[in-house]
Amino acid sequence: MEKRNLTCIGCPMGCLLTVELEGGEVKSVSGYTCKRGDDYARKEVTHPTRIVTSSVYVTGGAIPMVSVKTANDIPKEKIMDIMASIEHVQVKAPIKIGDVIVPNAADTGVDIIATKDIAAV
Amino acid sequence: MSSYDIVIIGGGPAGLAAAASAKREGIDSILILERDTQLGGILNQCIHNGFGLHTFKEELTGPEYAQRFIDQVEELKIEYKLNTMVMDINSSKEITAMNRTDGLFHIQAKSIVLAMGCRERSRGALNIPGYRPAGIYSAGTAQRLVNIEGYMPGREVVILGSGDIGLIMARRMTLEGAKVKVVAELMPYSGGLKRNIVQCLDDFGIPLKLSHTVIDIRGKERLEGITIAQVDNHGKPIPGTEEDYTCDTLLLSCGLIPENEISRSIGVDMEPVTSGPIVNESLETSVEGVFACGNVLHVHDLVDFVSEEASAAGRNAAAYVKAGGTLGEKSREIPITATCGVRYTVPKKISVNRMADEQIVRFRVGAVYKGCYISAYLNDERIIHRKRQIMAPGEMEEIKLKKEQLSGFDGLENITVKIEEA
(Lines give C-alpha, C1' and ligand atoms only; values in the text may rest on other atoms or scores of the structure.)
Protein backbone atom coordinates (compact mmCIF):
# COMPACT_ATOMS: atom_id res chain seq x y z
CA MET A 1 0.00 0.00 0.00
CA GLU A 2 1.41 3.38 -1.05
CA LYS A 3 0.52 6.51 0.93
CA ARG A 4 0.71 10.03 -0.45
CA ASN A 5 0.25 13.27 1.44
CA LEU A 6 -1.19 16.20 -0.48
CA THR A 7 -2.33 19.75 0.22
CA CYS A 8 -5.73 20.46 -1.28
CA ILE A 9 -5.68 23.47 -3.62
CA GLY A 10 -9.47 23.75 -3.87
CA CYS A 11 -9.65 26.78 -1.60
CA PRO A 12 -7.41 28.66 0.85
CA MET A 13 -8.25 26.22 3.65
CA GLY A 14 -5.50 23.99 2.22
CA CYS A 15 -6.68 20.76 3.87
CA LEU A 16 -3.98 18.13 4.38
CA LEU A 17 -5.02 15.01 2.50
CA THR A 18 -3.78 11.45 2.71
CA VAL A 19 -4.35 9.16 -0.25
CA GLU A 20 -3.86 5.41 -0.02
CA LEU A 21 -2.98 3.78 -3.33
CA GLU A 22 -2.65 0.17 -4.33
CA GLY A 23 -1.26 -0.67 -7.77
CA GLY A 24 -1.93 2.86 -8.96
CA GLU A 25 -5.55 2.70 -7.84
CA VAL A 26 -6.98 4.97 -5.13
CA LYS A 27 -8.13 2.95 -2.13
CA SER A 28 -9.02 5.77 0.23
CA VAL A 29 -8.79 9.52 0.77
CA SER A 30 -8.85 11.16 4.18
CA GLY A 31 -8.38 14.63 5.64
CA TYR A 32 -10.75 16.60 3.44
CA THR A 33 -13.52 18.83 4.78
CA CYS A 34 -15.60 19.04 1.61
CA LYS A 35 -16.19 16.94 -1.48
CA ARG A 36 -13.71 19.04 -3.46
CA GLY A 37 -10.87 17.67 -1.39
CA ASP A 38 -11.85 14.09 -2.16
CA ASP A 39 -12.15 14.89 -5.89
CA TYR A 40 -8.86 16.78 -5.92
CA ALA A 41 -6.91 13.95 -4.25
CA ARG A 42 -8.25 11.30 -6.64
CA LYS A 43 -7.40 13.44 -9.67
CA GLU A 44 -4.04 14.63 -8.38
CA VAL A 45 -2.60 11.13 -8.01
CA THR A 46 -3.97 9.86 -11.33
CA HIS A 47 -4.37 12.74 -13.82
CA PRO A 48 -3.69 16.16 -12.21
CA THR A 49 -5.67 19.11 -13.55
CA ARG A 50 -5.70 22.87 -13.02
CA ILE A 51 -7.88 25.88 -13.76
CA VAL A 52 -5.79 28.41 -15.67
CA THR A 53 -6.43 32.11 -15.16
CA SER A 54 -4.91 34.96 -17.13
CA SER A 55 -5.87 38.21 -18.84
CA VAL A 56 -6.15 39.34 -22.45
CA TYR A 57 -6.12 42.74 -24.15
CA VAL A 58 -9.34 44.65 -24.67
CA THR A 59 -10.02 47.34 -27.25
CA GLY A 60 -12.55 50.09 -26.62
CA GLY A 61 -13.02 49.18 -22.96
CA ALA A 62 -12.96 51.07 -19.69
CA ILE A 63 -9.76 49.20 -18.72
CA PRO A 64 -7.09 47.72 -21.04
CA MET A 65 -7.28 44.06 -19.88
CA VAL A 66 -10.03 41.55 -19.21
CA SER A 67 -9.40 38.66 -16.85
CA VAL A 68 -10.17 35.17 -18.17
CA LYS A 69 -10.17 31.55 -17.01
CA THR A 70 -10.63 28.07 -18.38
CA ALA A 71 -14.30 27.23 -17.84
CA ASN A 72 -13.22 23.92 -16.30
CA ASP A 73 -9.98 22.38 -15.15
CA ILE A 74 -7.59 21.22 -17.86
CA PRO A 75 -4.76 18.64 -17.73
CA LYS A 76 -1.82 20.12 -15.84
CA GLU A 77 0.63 19.43 -18.68
CA LYS A 78 -1.51 21.63 -20.99
CA ILE A 79 -1.09 24.83 -18.92
CA MET A 80 1.49 26.40 -21.25
CA ASP A 81 -0.50 25.36 -24.36
CA ILE A 82 -3.50 27.22 -22.92
CA MET A 83 -1.31 30.30 -22.38
CA ALA A 84 -0.06 30.07 -25.98
CA SER A 85 -3.66 29.95 -27.25
CA ILE A 86 -4.44 33.38 -25.77
CA GLU A 87 -1.09 35.06 -26.35
CA HIS A 88 -2.24 37.26 -29.24
CA VAL A 89 -5.94 37.39 -28.48
CA GLN A 90 -7.61 40.79 -28.43
CA VAL A 91 -11.28 41.24 -27.65
CA LYS A 92 -13.65 44.15 -28.11
CA ALA A 93 -15.65 45.68 -25.28
CA PRO A 94 -18.35 45.36 -24.04
CA ILE A 95 -17.61 42.03 -22.36
CA LYS A 96 -19.73 40.18 -19.83
CA ILE A 97 -18.64 37.59 -17.28
CA GLY A 98 -18.96 34.16 -18.93
CA ASP A 99 -18.46 35.36 -22.54
CA VAL A 100 -16.41 32.81 -24.50
CA ILE A 101 -13.04 34.34 -25.41
CA VAL A 102 -11.42 31.25 -27.00
CA PRO A 103 -13.53 28.16 -27.74
CA ASN A 104 -11.95 24.73 -27.25
CA ALA A 105 -8.62 26.20 -26.15
CA ALA A 106 -5.55 24.14 -27.13
CA ASP A 107 -7.89 21.27 -28.12
CA THR A 108 -8.73 20.55 -24.50
CA GLY A 109 -12.45 20.77 -25.18
CA VAL A 110 -12.57 23.56 -22.60
CA ASP A 111 -13.46 27.18 -23.43
CA ILE A 112 -11.65 30.21 -22.10
CA ILE A 113 -14.23 32.61 -20.68
CA ALA A 114 -14.22 36.18 -19.35
CA THR A 115 -14.31 36.68 -15.58
CA LYS A 116 -15.01 40.42 -15.56
CA ASP A 117 -17.58 42.79 -17.00
CA ILE A 118 -15.93 45.48 -19.12
CA ALA A 119 -18.07 48.35 -20.31
CA ALA A 120 -17.46 49.87 -23.75
CA VAL A 121 -16.33 53.49 -23.76
CA MET B 1 -23.05 69.67 4.79
CA SER B 2 -24.76 66.48 3.60
CA SER B 3 -25.52 63.74 6.08
CA TYR B 4 -25.95 59.98 5.93
CA ASP B 5 -26.91 57.35 8.47
CA ILE B 6 -23.98 55.12 7.57
CA VAL B 7 -20.88 56.06 5.60
CA ILE B 8 -18.59 53.23 4.53
CA ILE B 9 -14.97 54.07 3.87
CA GLY B 10 -13.77 51.82 1.05
CA GLY B 11 -15.59 49.95 -1.74
CA GLY B 12 -13.63 46.70 -1.67
CA PRO B 13 -14.98 43.35 -0.48
CA ALA B 14 -15.41 44.55 3.12
CA GLY B 15 -17.14 47.82 2.25
CA LEU B 16 -19.49 46.18 -0.27
CA ALA B 17 -20.59 43.44 2.14
CA ALA B 18 -21.04 45.90 5.00
CA ALA B 19 -23.16 48.18 2.81
CA ALA B 20 -25.37 45.36 1.52
CA SER B 21 -25.97 44.00 4.99
CA ALA B 22 -26.76 47.43 6.52
CA LYS B 23 -29.24 48.10 3.73
CA ARG B 24 -30.96 44.76 4.27
CA GLU B 25 -31.33 45.69 7.93
CA GLY B 26 -33.49 48.59 6.82
CA ILE B 27 -31.09 51.53 6.62
CA ASP B 28 -31.70 53.54 3.44
CA SER B 29 -29.24 56.35 3.90
CA ILE B 30 -25.90 54.71 3.10
CA LEU B 31 -22.90 56.06 1.19
CA ILE B 32 -19.77 54.17 0.09
CA LEU B 33 -16.64 56.26 -0.59
CA GLU B 34 -14.06 54.59 -2.87
CA ARG B 35 -10.80 56.10 -4.11
CA ASP B 36 -10.31 53.81 -7.14
CA THR B 37 -12.10 54.15 -10.49
CA GLN B 38 -14.19 51.04 -9.83
CA LEU B 39 -15.73 49.12 -6.93
CA GLY B 40 -14.24 45.77 -5.91
CA GLY B 41 -10.92 46.84 -4.40
CA ILE B 42 -7.99 44.47 -4.58
CA LEU B 43 -10.21 41.66 -5.97
CA ASN B 44 -10.08 43.36 -9.37
CA GLN B 45 -6.44 42.41 -9.77
CA CYS B 46 -6.71 38.99 -8.06
CA ILE B 47 -7.66 37.22 -11.27
CA HIS B 48 -6.74 33.77 -9.93
CA ASN B 49 -9.42 31.37 -8.73
CA GLY B 50 -10.29 29.93 -5.34
CA PHE B 51 -12.55 32.68 -4.02
CA GLY B 52 -16.05 32.17 -2.72
CA LEU B 53 -16.20 28.48 -1.83
CA HIS B 54 -17.57 29.31 1.62
CA THR B 55 -19.90 32.10 0.53
CA PHE B 56 -21.23 30.88 -2.81
CA LYS B 57 -20.28 27.18 -2.76
CA GLU B 58 -18.45 27.61 -6.03
CA GLU B 59 -14.95 28.50 -7.03
CA LEU B 60 -14.70 32.02 -8.42
CA THR B 61 -11.93 34.36 -9.52
CA GLY B 62 -11.46 37.66 -7.68
CA PRO B 63 -13.29 39.81 -10.26
CA GLU B 64 -16.21 37.36 -10.33
CA TYR B 65 -16.45 37.33 -6.55
CA ALA B 66 -16.37 41.15 -6.47
CA GLN B 67 -19.07 41.35 -9.13
CA ARG B 68 -21.46 39.28 -6.99
CA PHE B 69 -21.26 41.95 -4.29
CA ILE B 70 -21.21 44.89 -6.73
CA ASP B 71 -24.45 43.47 -8.21
CA GLN B 72 -25.97 43.37 -4.71
CA VAL B 73 -24.99 46.99 -4.08
CA GLU B 74 -26.49 48.03 -7.42
CA GLU B 75 -29.69 46.04 -6.88
CA LEU B 76 -30.10 47.48 -3.39
CA LYS B 77 -29.58 50.96 -4.91
CA ILE B 78 -26.84 51.86 -2.49
CA GLU B 79 -25.19 55.18 -3.22
CA TYR B 80 -21.44 55.29 -3.87
CA LYS B 81 -18.82 57.79 -4.97
CA LEU B 82 -15.78 56.62 -6.98
CA ASN B 83 -12.46 58.46 -7.42
CA THR B 84 -13.07 59.92 -3.98
CA MET B 85 -10.36 60.21 -1.37
CA VAL B 86 -11.27 60.54 2.29
CA MET B 87 -8.85 63.05 3.81
CA ASP B 88 -9.95 63.09 7.42
CA ILE B 89 -12.62 61.97 9.85
CA ASN B 90 -12.97 63.57 13.26
CA SER B 91 -14.31 62.06 16.47
CA SER B 92 -17.76 63.67 15.81
CA LYS B 93 -18.00 61.45 12.68
CA GLU B 94 -17.58 64.40 10.32
CA ILE B 95 -15.89 63.21 7.13
CA THR B 96 -13.72 65.40 4.89
CA ALA B 97 -13.30 63.98 1.39
CA MET B 98 -12.47 65.20 -2.08
CA ASN B 99 -12.89 64.28 -5.73
CA ARG B 100 -12.74 66.04 -9.09
CA THR B 101 -16.46 66.74 -9.43
CA ASP B 102 -17.43 67.77 -5.89
CA GLY B 103 -14.09 69.29 -4.88
CA LEU B 104 -13.50 69.25 -1.12
CA PHE B 105 -16.64 68.36 0.81
CA HIS B 106 -17.89 67.36 4.26
CA ILE B 107 -20.33 64.65 5.29
CA GLN B 108 -21.88 64.09 8.71
CA ALA B 109 -22.39 60.40 9.49
CA LYS B 110 -24.35 58.80 12.33
CA SER B 111 -22.25 55.69 12.01
CA ILE B 112 -19.06 54.86 10.10
CA VAL B 113 -17.74 51.53 8.86
CA LEU B 114 -13.97 51.51 8.32
CA ALA B 115 -13.18 49.21 5.37
CA MET B 116 -10.00 50.69 3.89
CA GLY B 117 -8.09 47.42 3.54
CA CYS B 118 -4.33 47.18 3.75
CA ARG B 119 -1.18 48.04 1.82
CA GLU B 120 2.07 46.25 1.15
CA ARG B 121 5.25 46.68 3.15
CA SER B 122 7.61 48.71 0.95
CA ARG B 123 11.32 48.45 0.25
CA GLY B 124 11.89 51.48 2.45
CA ALA B 125 10.38 49.63 5.40
CA LEU B 126 12.58 46.58 4.75
CA ASN B 127 15.97 48.32 4.84
CA ILE B 128 17.51 46.34 1.98
CA PRO B 129 20.96 47.73 1.18
CA GLY B 130 22.17 48.46 -2.33
CA TYR B 131 21.29 50.72 -5.25
CA ARG B 132 17.78 51.97 -6.00
CA PRO B 133 17.35 51.10 -9.69
CA ALA B 134 14.14 50.62 -11.68
CA GLY B 135 12.76 47.08 -11.60
CA ILE B 136 11.89 46.76 -7.92
CA TYR B 137 8.16 46.45 -7.30
CA SER B 138 5.85 45.31 -4.59
CA ALA B 139 4.19 42.07 -5.70
CA GLY B 140 0.80 43.79 -5.73
CA THR B 141 2.04 46.57 -8.01
CA ALA B 142 3.35 43.97 -10.43
CA GLN B 143 0.00 42.17 -10.18
CA ARG B 144 -1.86 45.33 -11.12
CA LEU B 145 0.52 46.06 -14.00
CA VAL B 146 0.18 42.56 -15.50
CA ASN B 147 -3.50 41.90 -14.86
CA ILE B 148 -5.15 45.29 -15.27
CA GLU B 149 -2.76 47.64 -17.08
CA GLY B 150 -1.30 45.00 -19.40
CA TYR B 151 2.43 45.57 -18.84
CA MET B 152 5.13 43.03 -17.99
CA PRO B 153 7.46 44.39 -15.31
CA GLY B 154 10.41 42.26 -16.49
CA ARG B 155 11.74 38.93 -17.75
CA GLU B 156 14.06 37.55 -15.09
CA VAL B 157 12.52 37.70 -11.66
CA VAL B 158 13.53 37.14 -8.05
CA ILE B 159 10.86 37.35 -5.37
CA LEU B 160 11.61 38.31 -1.78
CA GLY B 161 9.00 37.14 0.68
CA SER B 162 6.62 34.21 0.35
CA GLY B 163 3.36 36.03 1.09
CA ASP B 164 0.41 34.91 -0.99
CA ILE B 165 0.65 37.75 -3.51
CA GLY B 166 4.33 36.89 -4.08
CA LEU B 167 3.50 33.22 -4.66
CA ILE B 168 0.60 34.07 -6.97
CA MET B 169 2.87 36.44 -8.90
CA ALA B 170 5.58 33.78 -9.22
CA ARG B 171 3.07 31.71 -11.19
CA ARG B 172 1.60 34.66 -13.05
CA MET B 173 4.99 35.91 -14.26
CA THR B 174 5.95 32.34 -15.29
CA LEU B 175 2.73 31.93 -17.28
CA GLU B 176 3.47 35.21 -19.08
CA GLY B 177 6.89 33.94 -20.13
CA ALA B 178 9.19 35.31 -17.43
CA LYS B 179 11.77 33.19 -15.63
CA VAL B 180 11.22 33.25 -11.87
CA LYS B 181 14.55 32.16 -10.47
CA VAL B 182 13.91 31.90 -6.77
CA VAL B 183 11.60 32.93 -3.95
CA ALA B 184 13.57 33.90 -0.82
CA GLU B 185 11.85 33.97 2.57
CA LEU B 186 13.44 35.46 5.67
CA MET B 187 11.49 33.26 8.07
CA PRO B 188 11.98 29.49 8.44
CA TYR B 189 8.39 29.02 7.19
CA SER B 190 6.34 30.46 4.35
CA GLY B 191 4.08 33.41 5.00
CA GLY B 192 1.63 32.19 2.38
CA LEU B 193 -1.00 29.48 2.14
CA LYS B 194 0.15 25.91 1.58
CA ARG B 195 -2.07 25.60 -1.48
CA ASN B 196 -0.19 28.46 -3.10
CA ILE B 197 3.18 26.80 -2.50
CA VAL B 198 1.79 23.70 -4.25
CA GLN B 199 0.09 25.29 -7.23
CA CYS B 200 2.30 28.36 -7.76
CA LEU B 201 5.82 27.12 -6.97
CA ASP B 202 5.87 23.29 -7.01
CA ASP B 203 3.83 23.09 -10.24
CA PHE B 204 6.49 25.15 -12.04
CA GLY B 205 9.61 23.96 -10.25
CA ILE B 206 10.33 27.37 -8.69
CA PRO B 207 12.64 26.98 -5.68
CA LEU B 208 11.62 28.40 -2.29
CA LYS B 209 14.56 29.22 -0.05
CA LEU B 210 13.49 29.57 3.56
CA SER B 211 15.65 31.53 6.06
CA HIS B 212 17.11 33.55 3.19
CA THR B 213 17.03 37.26 2.42
CA VAL B 214 18.29 39.78 -0.13
CA ILE B 215 21.50 41.42 1.09
CA ASP B 216 22.53 43.39 -2.01
CA ILE B 217 20.89 45.03 -5.01
CA ARG B 218 22.97 45.83 -8.08
CA GLY B 219 22.34 48.06 -11.11
CA LYS B 220 22.25 51.84 -11.34
CA GLU B 221 19.50 52.61 -13.87
CA ARG B 222 17.87 49.20 -14.16
CA LEU B 223 18.16 46.27 -11.76
CA GLU B 224 20.97 43.94 -12.90
CA GLY B 225 21.18 41.43 -10.10
CA ILE B 226 20.80 40.69 -6.42
CA THR B 227 22.57 38.67 -3.77
CA ILE B 228 20.74 36.48 -1.30
CA ALA B 229 22.18 34.87 1.80
CA GLN B 230 21.01 32.46 4.43
CA VAL B 231 20.12 34.04 7.79
CA ASP B 232 20.65 32.74 11.34
CA ASN B 233 18.05 32.50 14.09
CA HIS B 234 18.22 36.25 14.61
CA GLY B 235 17.67 37.06 10.93
CA LYS B 236 21.34 38.03 10.44
CA PRO B 237 23.00 36.98 7.15
CA ILE B 238 25.51 34.12 7.55
CA PRO B 239 28.85 34.96 5.86
CA GLY B 240 29.82 32.46 3.18
CA THR B 241 26.23 31.62 2.19
CA GLU B 242 25.89 34.42 -0.40
CA GLU B 243 24.48 33.55 -3.82
CA ASP B 244 24.30 35.95 -6.77
CA TYR B 245 21.38 36.03 -9.18
CA THR B 246 21.13 38.10 -12.35
CA CYS B 247 17.63 39.52 -12.72
CA ASP B 248 15.87 42.60 -14.09
CA THR B 249 13.00 42.47 -11.62
CA LEU B 250 12.70 42.06 -7.86
CA LEU B 251 9.22 41.62 -6.39
CA LEU B 252 8.63 42.23 -2.70
CA SER B 253 5.96 40.24 -0.88
CA CYS B 254 6.91 40.94 2.71
CA GLY B 255 3.69 41.49 4.54
CA LEU B 256 0.58 43.61 4.52
CA ILE B 257 -0.16 46.50 6.83
CA PRO B 258 -3.71 47.67 7.59
CA GLU B 259 -4.20 51.19 6.28
CA ASN B 260 -5.32 53.10 9.35
CA GLU B 261 -4.30 56.74 8.93
CA ILE B 262 -7.98 57.73 8.99
CA SER B 263 -8.74 55.51 11.99
CA ARG B 264 -6.00 57.33 13.89
CA SER B 265 -7.42 60.71 12.94
CA ILE B 266 -10.77 59.64 14.42
CA GLY B 267 -8.84 58.69 17.54
CA VAL B 268 -9.72 55.00 17.85
CA ASP B 269 -7.53 52.83 20.07
CA MET B 270 -5.16 50.65 18.08
CA GLU B 271 -3.83 47.12 18.58
CA PRO B 272 -0.05 47.16 17.98
CA VAL B 273 0.08 43.47 16.98
CA THR B 274 -2.38 43.77 14.08
CA SER B 275 -1.87 47.51 13.36
CA GLY B 276 -5.67 47.60 13.26
CA PRO B 277 -8.26 49.10 15.60
CA ILE B 278 -9.17 47.34 18.83
CA VAL B 279 -12.77 46.14 18.51
CA ASN B 280 -15.38 44.55 20.74
CA GLU B 281 -17.82 41.72 19.96
CA SER B 282 -19.81 44.07 17.70
CA LEU B 283 -16.67 45.03 15.70
CA GLU B 284 -17.08 48.50 17.20
CA THR B 285 -13.92 50.50 17.83
CA SER B 286 -13.24 52.54 20.97
CA VAL B 287 -15.22 55.39 19.36
CA GLU B 288 -18.92 54.54 19.63
CA GLY B 289 -20.66 54.04 16.30
CA VAL B 290 -17.41 53.55 14.40
CA PHE B 291 -17.00 49.96 13.21
CA ALA B 292 -14.12 48.20 11.43
CA CYS B 293 -13.99 45.11 9.22
CA GLY B 294 -11.85 43.34 6.66
CA ASN B 295 -8.14 43.88 6.17
CA VAL B 296 -8.14 47.29 7.86
CA LEU B 297 -8.98 45.43 11.06
CA HIS B 298 -6.60 42.51 10.64
CA VAL B 299 -5.17 40.96 7.48
CA HIS B 300 -7.24 37.98 6.30
CA ASP B 301 -6.37 34.98 4.13
CA LEU B 302 -9.88 34.34 2.82
CA VAL B 303 -12.12 36.99 1.31
CA ASP B 304 -15.07 34.82 2.35
CA PHE B 305 -14.26 35.59 5.97
CA VAL B 306 -13.86 39.28 5.13
CA SER B 307 -17.37 39.29 3.66
CA GLU B 308 -18.76 37.47 6.69
CA GLU B 309 -17.04 39.85 9.13
CA ALA B 310 -18.11 42.89 7.12
CA SER B 311 -21.74 41.73 7.02
CA ALA B 312 -21.67 41.61 10.80
CA ALA B 313 -20.15 45.12 10.96
CA GLY B 314 -22.84 46.44 8.61
CA ARG B 315 -25.58 44.76 10.63
CA ASN B 316 -24.22 46.23 13.86
CA ALA B 317 -23.89 49.70 12.35
CA ALA B 318 -27.55 49.44 11.26
CA ALA B 319 -28.60 48.37 14.77
CA TYR B 320 -26.66 51.31 16.24
CA VAL B 321 -28.43 53.81 13.95
CA LYS B 322 -31.88 52.26 14.47
CA ALA B 323 -31.54 52.43 18.25
CA GLY B 324 -30.77 56.16 18.00
CA GLY B 325 -27.01 55.96 18.38
CA THR B 326 -26.41 53.06 20.75
CA LEU B 327 -25.88 49.31 20.66
CA GLY B 328 -27.95 48.97 23.82
CA GLU B 329 -26.82 48.66 27.38
CA LYS B 330 -23.36 47.23 27.76
CA SER B 331 -22.61 44.61 30.39
CA ARG B 332 -19.09 44.57 31.77
CA GLU B 333 -16.60 43.94 28.96
CA ILE B 334 -14.69 40.68 29.36
CA PRO B 335 -11.15 40.95 27.96
CA ILE B 336 -9.80 38.16 25.74
CA THR B 337 -6.17 37.43 26.52
CA ALA B 338 -4.04 36.04 23.70
CA THR B 339 -1.04 34.13 25.04
CA CYS B 340 1.23 31.07 24.58
CA GLY B 341 1.62 31.30 20.81
CA VAL B 342 -1.60 33.19 20.06
CA ARG B 343 -0.54 36.65 18.88
CA TYR B 344 -3.86 38.48 19.07
CA THR B 345 -7.58 37.95 18.89
CA VAL B 346 -10.37 39.79 17.07
CA PRO B 347 -12.48 40.78 18.95
CA LYS B 348 -10.34 41.74 21.93
CA LYS B 349 -13.21 42.10 24.38
CA ILE B 350 -16.74 40.82 24.69
CA SER B 351 -19.81 42.32 26.30
CA VAL B 352 -21.73 39.09 26.92
CA ASN B 353 -25.25 40.55 26.68
CA ARG B 354 -24.46 42.06 23.27
CA MET B 355 -22.75 39.04 21.72
CA ALA B 356 -24.42 36.81 19.13
CA ASP B 357 -25.44 33.28 20.17
CA GLU B 358 -22.21 32.13 18.63
CA GLN B 359 -19.24 34.52 18.53
CA ILE B 360 -16.37 33.79 16.16
CA VAL B 361 -12.98 34.77 17.56
CA ARG B 362 -10.20 34.89 14.93
CA PHE B 363 -6.47 34.93 15.58
CA ARG B 364 -3.03 34.07 14.25
CA VAL B 365 -0.29 32.02 15.85
CA GLY B 366 3.30 33.25 16.15
CA ALA B 367 5.17 30.17 14.88
CA VAL B 368 4.59 26.78 13.24
CA TYR B 369 2.88 24.32 15.62
CA LYS B 370 2.44 20.64 14.79
CA GLY B 371 -0.02 18.38 16.59
CA CYS B 372 -0.90 21.05 19.16
CA TYR B 373 -4.20 22.14 20.64
CA ILE B 374 -6.10 25.41 20.47
CA SER B 375 -7.49 26.00 23.96
CA ALA B 376 -9.87 28.55 25.38
CA TYR B 377 -10.42 29.20 29.07
CA LEU B 378 -13.15 31.02 30.99
CA ASN B 379 -11.14 32.18 34.01
CA ASP B 380 -9.29 28.91 34.82
CA GLU B 381 -11.79 26.51 33.29
CA ARG B 382 -10.92 25.08 29.90
CA ILE B 383 -13.94 25.07 27.58
CA ILE B 384 -12.27 24.46 24.20
CA HIS B 385 -9.45 22.01 23.51
CA ARG B 386 -9.21 21.30 19.79
CA LYS B 387 -6.37 19.45 18.11
CA ARG B 388 -4.84 20.92 14.96
CA GLN B 389 -2.53 18.88 12.75
CA ILE B 390 -0.60 21.99 11.79
CA MET B 391 -0.86 25.70 12.53
CA ALA B 392 1.25 28.40 10.88
CA PRO B 393 1.45 32.20 11.07
CA GLY B 394 0.29 32.41 7.45
CA GLU B 395 -3.06 30.80 8.22
CA MET B 396 -5.75 32.42 10.33
CA GLU B 397 -7.36 30.27 13.02
CA GLU B 398 -10.71 30.62 14.76
CA ILE B 399 -12.74 29.42 17.72
CA LYS B 400 -16.42 29.83 18.42
CA LEU B 401 -17.65 31.02 21.82
CA LYS B 402 -21.23 30.25 22.81
CA LYS B 403 -23.27 32.95 24.50
CA GLU B 404 -25.08 30.52 26.83
CA GLN B 405 -21.76 29.17 28.03
CA LEU B 406 -20.42 32.65 28.80
CA SER B 407 -23.60 34.05 30.34
CA GLY B 408 -23.98 30.93 32.48
CA PHE B 409 -20.49 31.27 33.93
CA ASP B 410 -20.52 32.90 37.37
CA GLY B 411 -17.88 35.52 38.03
CA LEU B 412 -16.42 35.55 34.52
CA GLU B 413 -13.39 37.86 34.58
CA ASN B 414 -11.24 36.81 31.67
CA ILE B 415 -11.23 34.68 28.53
CA THR B 416 -7.88 33.22 27.49
CA VAL B 417 -6.96 31.76 24.10
CA LYS B 418 -3.68 29.83 23.89
CA ILE B 419 -1.82 27.03 22.14
CA GLU B 420 -1.14 23.93 24.24
CA GLU B 421 1.25 21.09 23.46
CA ALA B 422 -0.10 17.57 23.25
Option in B/E149, B/M396, B/R171 with maximal non-hydrogen atom pairs under 4.5 Å from chain A: B/E149

Option in B/D203, B/I390, B/T61, B/N196 with maximal non-hydrogen atom pairs under 4.5 Å from chain A: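 The option with the most such pairs is B/D203.
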
If you count every heavy atom of other residues, nucleotides or ligands that lies below 6.0 Å from [X] atom [atom1], does the total exceed 12?
| X | atom1 | value |
| --- | --- | --- |
| B/E421 | CD | no |
| B/E58 | CD | yes |
| B/Y151 | OH | no |
| B/R362 | CZ | yes |

With rounding to the nearest 0.5 Å, note down the distance linking [atom1] in [X] to [atom2] in [Y].
| X | Y | atom1 | atom2 | answer |
| --- | --- | --- | --- | --- |
| A/I51 | B/N49 | CD1 | CG | 5.0 Å |
| A/E87 | B/E176 | CD | CD | 8.0 Å |
| A/I63 | B/I148 | CD1 | CD1 | 5.5 Å |

Option that, when pairs with chain B are counted at under 4.5 Å, heavy atom only, ranks first among A/I97, A/V58, A/V68: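 The residue among A/I97, A/V58, A/V68 with the greatest pair count is A/I97.
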
Within a strict 4.5 Å, meaning less than it, do heavy atoms of the [X] and [Y] side chains meet?
| X | Y | result |
| --- | --- | --- |
| B/H48 | A/K69 | no |
| B/L175 | A/M80 | yes |
| B/K194 | A/I9 | no |

Neighbourhood of chain A inside residues 64-79 of chain B, taking heavy atoms under 4.5 Å as contact: B/E64, B/Q67

Side chain, backbone, both or neither of B/T174 within contact of chain A (heavy atoms, under 4.5 Å):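 Contact with chain A is through the backbone of B/T174 alone.
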
Residue B/Q38 versus chain A: region with a heavy atom under 4.5 Å: side chain

Partner of B/N147 by side chain to side chain contact (heavy atoms under 4.5 Å, CB included), out of A/S54, A/S55, A/S67: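 The passing option is A/S55.
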
Salt bridge (charged side-chain N to carboxylate O under 4.0 Å, His left out) contacts in which one or both residues fall within residues 89-102 of chain A, not counting sequence neighbours: A/K96-A/D117

Trace of the side chain to side chain contact (heavy atoms under 4.5 Å, CB included) decision for A/K116 with B/N44: CA-CA 8 Å; A/K116 188 171 173 63; B/N44 286 315; 2.9 Å; yes

